[in-house]
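We use all heavy atoms of the structure for the numbers below, so side chains are in, but hydrogens, waters and symmetry mates are not. Within every chain, numbering begins at 1; the chains are lettered A, B, ... in the order of the sequence lines, protein sequences first and strands thereafter.
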Protein chains: 2
Amino acid sequence: MTAPTPQPPTKAQLLELVAALGTAQWQDFAAAAGRHGLTSVQAKLLAQLKGPVPMRGLATLLVCDASNVTGIVDRLEARGLVRREPDPADRRVKNVVATEEGRETIHRVRAEMQATHTALDALDEDERTTLYGLLERLRPGMEHRA
Amino acid sequence: MTAPTPQPPTKAQLLELVAALGTAQWQDFAAAAGRHGLTSVQAKLLAQLKGPVPMRGLATLLVCDASNVTGIVDRLEARGLVRREPDPADRRVKNVVATEEGRETIHRVRAEMQATHTALDALDEDERTTLYGLLERLRPGMEHRA
DNA sequence: CATGGATGCTTGAAGTACTCAAGCAACTTG
DNA sequence: CAAGTTGCTTGAGTACTTCAAGCATCCATG
């Protein structure tokens, strides 16, 4: 390992590789979600619900218009995977929470991302640590999109 | 760097980080595409056109139904960014090629992914090489989706 | 070479995702 | 309390997506 300095990849190559990996993981996620009757967008929303989140918060997390969230939550609610609860402190706000079934479903979706899990198994602990460190350094600049 | 063996991240953490990065890059791509009047899907299709590609090939590359490609190419063709050419060897096939304007457009979109470029600039050559190597090892398992 | 079965593309129907403009309710501030 | 702000929904319009059908062309077998 730590090979004898191979040709450093160009930024373009690295970019393409990251994109390819991201796409592959997304496909894996979408396929797993599909097996549970969810679209990838619905699953992604469900994945954000560690606790109660107001509609507006979801729009921010998903980087989309609030009116879009209404529809997605409508469909998830129709399936009994989430619930809208009134916010005790502000009557305008509706907090979305995952139901027990919702939590189980998203948990299974994550567990069933076989391609992704298998891929990660190809690395040992040290490599994972290194990778994590490098990726973390990549993150900051990616966050701040106006 | 190469810190004194910090806690190795769990697979879940690593997974989440990769997902976050993928999402950030996709947002960046979508925003850049939007500035040129393209949806992210249209831009993604355009990005596949290094040479002539039959409709069916595009469906395979984008992992979607062939009938879906018809619509996307229709809209790109209406904007003059791609062209459908008959295949000399098989009259059923239509090969899609990017026009000069199409090539320029996708080139600019890539160049304008500022957040992504800035993020990659945070790494030096050695780190990029290491990262590339690790990500490449991740790829194989991600490819084989039925 | 005729015919039956693939294969490549398009169309139409139906549902999801997405944005923008408007509207209503509720909060906040002067 | 009035005016402005914020949170959510609705409605219109477009894009994306799949599936089922249909047409043209290719290919293999007899």
Output the rounded distance in Å from [atom1] ([X]) to [atom2] ([N]).
X	N	atom1	atom2	result
B/M55	D/dA24	CE	C1'	15 Å
A/L76	C/dT16	CG	P	11 Å
B/E85	C/dC9	CD	C1'	16 Å
A/K94	C/dC24	NZ	P	15 Å
B/D74	C/dC9	CG	C1'	11 Å

Over all heavy atoms of both residues, which pair between [X] and [Y] is shortest? Give the atoms and the distance, please.
X	Y	value
B/A33	B/T39	CB-O, 4.1 Å
A/N95	A/P52	CB-CB, 3.9 Å
B/V93	B/P54	CG1-CB, 3.6 Å
B/I106	B/A43	CD1-O, 3.4 Å

request  = Any chance you could list the contact pattern along nucleotides 11-21 of chain D? Use B for base contacts, S for sugar-phosphate-only contacts and - for none, protein heavy atoms under 4.0 Å, 5' to 3'.
outcome  = ----SSBBB--

inquiry  = Can you build the contact string for nucleotides 25-30 of chain C? Use B for base contact, S for sugar-phosphate-only contact, and - for no protein heavy atom under 4.0 Å.
reply    = BBS---

Contact under 4.0 Å: B/R84 side-chain N or O vs C/dG8 OP1/OP2 =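 Answer no for this pair, as no side-chain N or O of B/R84 is under 4.0 Å from OP1 or OP2.
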
Taking the side chain as every heavy atom from C-beta outward, state whether [X] and [Y] have any atom pair closer than 4.5 Å.
X	Y	value
B/Q48	B/V96	no
A/K11	B/R128	yes
B/V73	B/V82	yes

query = Can you tell me if CD on B/E16 sees more than 12 non-hydrogen neighbours from other groups inside 6.0 Å?
reply = no

query = Taking NZ, NE, NH1 and NH2 as the nitrogens, is one of them in A/R83 or A/E77 under 4.0 Å from a carboxylate oxygen of the other?
reply =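 Salt bridge between A/R83 and A/E77, a charged N being under 4.0 Å from a carboxylate O: no.
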
query = For the helix from C/dC1-D/dG30 to C/dG30-D/dC1, what angle lies between the axis at the first five pairs and the axis at the last five pairs, to 10 degrees?
reply = 20°

query = Near DNA chain C, under 4.0 Å by heavy atom, which residues of residues 43-54 of chain A?
reply = none

query = Stepwise, does the side-chain hydrogen bond (donor to acceptor under 3.5 Å, both in side chains) test hold for B/H36 with B/E112?
reply = CA-CA 10 Å; B/H36 291 274; B/E112 284 174 21; 3.1 Å; yes

task = State which residue, out of B/L38, B/L46, B/L45, fulfils the side chain to side chain contact (heavy atoms under 4.5 Å, CB included) condition with B/Q42.
result = B/L38

Please list every donor-acceptor pair under 3.5 Å in which a side-chain atom of residues 59-70 of chain A meets a protein atom from a residue at least two apart or in another chain.
| from | atom 1 | to | atom 2 | distance (Å) |
| --- | --- | --- | --- | --- |
| A/T60 | OG1 | A/R56 | O | 3.2 |
| A/D65 | OD2 | A/S67 | N | 2.9 |
| A/D65 | OD2 | A/S67 | OG | 2.7 |

key: salt bridge (Lys or Arg N to Asp or Glu O under 4.0 Å): pairs with one or both residues in residues 91-102 of chain A, sequence neighbours excluded   = A/D90-A/R92, A/E100-A/R103

